[in-house]
Protein chains: 2
Amino acid sequence: MNNEQSHLETVKIYKALGEPNRLSIVKLLTKHKELCCTEIEEHLDFKGSTLSHHLKQLADCGVLKLSRKEGTFHYYQLNQDTLKRYVAVETVLD
Amino acid sequence: MNNEQSHLETVKIYKALGEPNRLSIVKLLTKHKELCCTEIEEHLDFKGSTLSHHLKQLADCGVLKLSRKEGTFHYYQLNQDTLKRYVAVETVLD
DNA sequence: TTAATATATCGATATATATAGAAATATAAA
DNA sequence: TTTATATTTCTATATATATCGATATATTAA
């Protein structure tokens, strides 16, 4: 539990959340069951390639997961298990 | 609550926690009521000026506070209120 | 098949950040 | 006072990261 690996996993998660645009993505997803890239871009103003990088980082550390692919649309949703394990969701995300 | 300022405050806190050495400082302080710089340096191996920067960053966002000065020794402790508001302390810090 | 659209990856770059040595500050002891 | 010690601040630098345009991939429609 408190080994080096979990330490770095924890760091990775907080690093992912410690950037304004990524935290906005997470907050946006608390208001929607799932969203695809195009929908996220409608709410938050940055370029597609930038969004893709942020989504990858959030997915790599387990904060988000790809929930569904419908045609070319990739839908993402929050990974509530991860969030509850690391974040005080009741004060930060509610 | 969910305004731009609190968004950036939240980012600041997770950014502070999202670095291996700083997270180590926080974890170390969960095991001690308070510690001064010299004591922290005995546990974690980095230079005094580096430690000072990390402590400043952690204190600026409210994760740590300067609890006491005794001579030239500056004692720091965790700010439990901040931690509880942002971190799932029972899984991350216990 | 070709064309159109959505997303991801690549490569470059500008900005941010962690680190460290040196200097500054502060306190206490000699 | 001078000296020693603890911590902070200053300055430089190397590394990490966010962003973006271009390209690549994947899927669907025509």
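The structure displayed is predicted, hence computed values, not measured ones. Here is how names work: the chains are called A, B, and so on, in the same order as the sequence lines, proteins then strands, and each is numbered from 1.
- Non-hydrogen atoms lying under 4.0 Å from DNA chain C are contributed by B:Gln57, B:Gly71, B:Thr72, all within residues 56-79 of chain B.
- Residue A:Lys15 has a polar side-chain atom (N or O) positioned under 4.0 Å from OP1 or OP2 of D:dT17.
- Taking both residues in full, the closest heavy atoms of A:Leu93 and A:Lys27 are given as CD2-CG, 4.1 Å, listed atom of the first, atom of the second, then distance.
- For the pair B:Thr50 and C:dA18, the criterion of a side-chain N or O lying under 4.0 Å from OP1 or OP2 is not met.
- Toward the 5′ end of DNA chain D lies the nearest nucleotide of B:Cys37, the other residue of the pair A:Phe46 and B:Cys37 mapping further downstream.
- Distance alone, capped at 3.5 Å, places no donor-acceptor pair between the B:Asn79 side chain and the B:Lys65 backbone.
- The separation between B:Lys47 atom NZ and D:dT13 atom P is 18 Å, rounded to whole Å.
- Looking at the side chain of B:Ser52, the nearest of the listed nucleotides C:dT19, D:dG21, D:dT8 is D:dT8.
- Smallest separation of non-hydrogen atoms from B:Leu51 and B:Cys37: CD2-O, 3.5 Å.
- Atom CG in A:Leu23 sits roughly 16 Å away from atom C1' in D:dA18 (whole-Å rounding).
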Self-check item: Residue pair A:Tyr86, A:Val63: steps toward the side chain to side chain contact (heavy atoms under 4.5 Å, CB included) verdict
Solution: CA-CA 10 Å; A:Tyr86 291 93; A:Val63 168; over 6 Å; no

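- One interatomic measurement links the two molecules: NE2 of B:His53 to C1' of C:dG21, which rounds to 11 Å at whole-angstrom precision.
- Following rounding to the nearest Å, B:Leu55 (CG) and D:dT9 (C1') show an atom-to-atom distance of 14 Å.
- For the pair B:Leu51 CG and C:dA20 P, the computed distance is 11 Å after rounding to whole Å.
- Each of B:His7, B:Lys12, B:Gln5 was evaluated against B:Glu9; a single residue qualifies, B:Gln5, per the side chain to side chain donor-acceptor pair (under 3.5 Å) test.
- In this structure, A:Ile25 atom CD1 and C:dT7 atom P are separated by 13 Å, rounded to whole Å.
- For the pair A:Asn21 CG and D:dT17 C1', the computed distance is 13 Å after rounding to whole Å.
- For the pair B:Arg22 (side chain) and B:Lys15 (backbone), a donor-acceptor distance under 3.5 Å is present.
- The distance between atom CD of B:Glu19 and atom P of D:dT17, rounded to the nearest whole Å, is 10 Å.
- Comparing atom distances between the A:Ser49 side chain and each of D:dC20, D:dT19, C:dA18 picks out D:dC20 as nearest.
- Close to D:dT5, at under 4.0 Å from its OP1 or OP2, lies no side-chain N or O of B:Thr38.
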Practice problem: Quick one: do A:Tyr75 and A:Glu39 satisfy side chain to side chain contact (heavy atoms under 4.5 Å, CB included)? Show the steps, please. | Solution: CA-CA 9 Å; A:Tyr75 286 89; A:Glu39 291 170 328; 3.7 Å; yes

